[in-house]
Amino acid sequence: MNIEKKYHIITFGCQMNENDSEKIAGILTKKGYTYAEDSKDADVLVINTCSVRGNADDRFFGNLGQFKAVKQKKEGMIIAVCGCMMQQEIHINDVQKRYPFVDIIFGTHNVHQFGEFLDRKLEGNKKRVVEVISDGPIAEDVPMKREFDYKAYVTIMNGCDNFCTYCIVPYTRGREKSRPASKIIQEIRELADNGCKEVMLLGQNVNSYGKRGEITEPCSFAELLDRVSEIEGIERIRFMTSHPKDLTDDVIEAIARNEKVMNSVHLPLQSGSSRVLKLMNRKYDKEKYLQTVEKLRERIPDISITTDIIVGFPTETEEDFAQTLDVVEKVRFDSAFTFIYSPRHGTKAASMEGAVDDAVVKVRFEKLMDLLHAKMLEQSVEKYEGKTVEVLVDGHSQKDENMLCGKTRGGKLVNFHGEAPMGTLVNVKITKPTTFHLLGEVAE
Ligand code: 5AD
Ligand code: SF4
């Protein structure tokens, strides 16, 4: 009897990691594995790690230990660990020493080879497989098992050359490199042929798309947006992340002229203090950031602007923090991810003096959240009160199973009453805008 082999993948971190996990799932599916809801039932368990902040590391190590017992109960189970943490010597050594039950360790540049690594173990190789290279080109034509039919992540570039002083990404994802436009267009055409309506173009810094890598045909990010817009069947195009220093006029014009490109930009601020921004090596200052926002709003009045902010970067003073609050007050972000600074081994900021006291950081963080939330509510009411908006139906509301949910063109979550098939675009009348989401009902 042929017993079905199963896999399970645990993914930490960003959309890039989620997209890598879709590739790992694709490789396993091609090998005949099916998905197991519960990791305990898996013949192959893959843990895709994130290293961007300290709590991601802690969550991984907090989780890993329990799989020793799981593996003991499931004969022949293979456990693989990959992702950004496995690009760092310190973590590879830790896993090797403390977790001997891990069978395969591989890096972010080796994802496409996972099938070969697995074969080595299945052939009875007793030795642990460790395959990590420090950098490599983006592999093409890797099979992918996507989570949804109607929306998809498409990686357009990978890696980063910016070296913001707090950030580990340039060390874990390597140098910036773009995929050839023809490959991206081909992937999105295939998605559209299979019913996909919304694509999210992914990269650490999408605005510098086309500048580095194996460029066989010149194509800027603005041109790429034009080309993706031409693909029949695709109705919504999102992208992230935009670095404020690279959000040039031609990209703003491409968003404005292409109806399918969503009016939504994720524009990480990190800090409102020009002094701190300099220490962070962000290459823009407070004024330049505010000018970029002004330009965006002038050209695309209903644009949604979301951001990332770090509190407690080394040497941050009350005055620096007041500048961050000032930008939040002025810009009124539609939503924001806020982080407490955490030193990352190997980055420049990790050896900077002037650590900010934990208690001070906590007070600042709460102040920031209060202001952000007040401004988010203001934006939500101004933009959506009494309006009818287009929503891509995405599932059931987490709070109420009887309600559907989905996102507006600006990326705001809507929970709504009414009937509509999954993956379709519907008009929803907003009955109540709140800070984090909107409530509504399907419009007649
Ligand atoms: N500490 C805190 N936040 C960080 N981020 C990146 N590195 C760190 C760090 N060391 C945040 C930034 C980035 C987001 C993905 O994570 O705000 O935009
Ligand atoms: Fe990290 Fe800066 Fe690159 Fe973003 S732009 S991935 S924050 S180094």
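These numbers were taken from a predicted model, which means no experiment stands behind them. Atoms within each ligand, like the ligands themselves, are counted from 1 in listed order.
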Asks: Give the C-alpha distance, both sets of side-chain angles, the deciding distance and a yes or no for side chain to side chain contact (heavy atoms under 4.5 Å, CB included) between Q270 and Y166.
Replies: CA-CA 10 Å; Q270 311 302 4; Y166 52 81; 3.2 Å; yes
Asks: Is the contact between F339 and ligand 1 made by the side chain, the backbone, both, or neither, using heavy atoms and a 4.0 Å cut-off?
Replies: side chain
Asks: Both conditions, 6.0 Å and 45 degrees, for the charged tip of K151 above the ring of F148: are they met here?
Replies: yes
Asks: Please list the nearest protein heavy atom to atom 7 (S) of ligand 2 with its residue and the distance rounded to 0.1 Å.
Replies: Y166 OH, 3.4 Å
Asks: Can you count the protein N, O or S atoms that lie less than 2.8 Å from atom 3 (Fe) of ligand 2?
Replies: 1
Asks: List every atom of ligand 1 that sits less than 4.0 Å from any heavy atom of Q270, numbering the atoms from 1 in the order shown and giving each element.
Replies: 12 (C), 13 (C), 17 (O), 18 (O)
Asks: Among protein heavy atoms, which lies nearest atom 16 (O) of ligand 1, and at what distance?
Replies: R53 NH1, 2.7 Å
Asks: Considering only heavy atoms of Y341, which atoms of ligand 1 have at least one such atom less than 4.0 Å away?
Replies: 1 (N), 2 (C)
Asks: So, is the end of the R59 side chain (NZ or CZ) under 6.0 Å from the ring centre of F12 and within 45° of the ring's axis?
Replies: no
Asks: Regarding R344 and the six-membered ring of Y171, is the cationic atom NZ or CZ under 6.0 Å from the ring centre and inside 45° of its axis?
Replies: no
Asks: Out of curiosity, is T241 lining ligand 1, as in a heavy atom under 4.0 Å away?
Replies: no
Asks: For R275, is there an ion pair with D320 - N to carboxylate O distance below 4.0 angstrom?
Replies: yes
Asks: Salt bridge between D141 and K183, side-chain N to carboxylate O under 4.0 Å?
Replies: yes
Asks: Are F114 and F106 close enough that their ring centers fall under 6.0 Å?
Replies: yes
Asks: Run the numbers for me: atoms of ligand 1, each under 4.0 Å from some heavy atom of R344, listed by number.
Replies: 10 (N)
Asks: Among protein heavy atoms, which lies nearest atom 10 (N) of ligand 1, and at what distance?
Replies: S342 O, 2.7 Å
Asks: Measure I310 to ligand 1 on non-hydrogen atoms and call it side chain, backbone, both or neither using the 4.0 Å cut-off.
Replies: side chain
Asks: Is it true that R282 lies under 4.0 Å from ligand 2, counting heavy atoms only?
Replies: yes
Asks: Are N162 and K245 close enough, and set up right, to give a side chain to side chain donor-acceptor pair (under 3.5 Å), and what steps lead you there?
Replies: CA-CA 10 Å; N162 288 317; K245 80 174 167 59; 3.1 Å; yes
Asks: Give the residue and atom name of whichever protein heavy atom lies nearest to atom 15 (C) of ligand 1, and the separation in Å to one decimal.
Replies: D308 OD2, 3.8 Å
Asks: Applying salt bridge (Lys or Arg N to Asp or Glu O under 4.0 Å) to R257 and D226, what does each step give before you reach the verdict?
Replies: CA-CA 9 Å; R257 76 173 158 262; D226 288 340; 2.9 Å; yes
Asks: Check I340 against ligand 1 and report side chain, backbone, both or neither, counting heavy atoms closer than 4.0 Å.
Replies: backbone
Asks: Where is the nearest protein heavy atom to atom 7 (N) of ligand 1: which residue, which atom, and how far?
Replies: Y166 CD1, 3.3 Å
Asks: So if I apply the salt bridge (charged side-chain N to carboxylate O under 4.0 Å, His left out) rule between D161 and each of R212, K211, K177, which one comes out positive?
Replies: R212
Asks: Write down the atom of S397, the atom of N415, and the distance for their closest heavy-atom approach.
Replies: CB-OD1, 3.5 Å
Asks: Over all heavy atoms of both residues, which pair between E318 and V360 is shortest? Give the atoms and the distance, please.
Replies: OE2-CG1, 4.0 Å
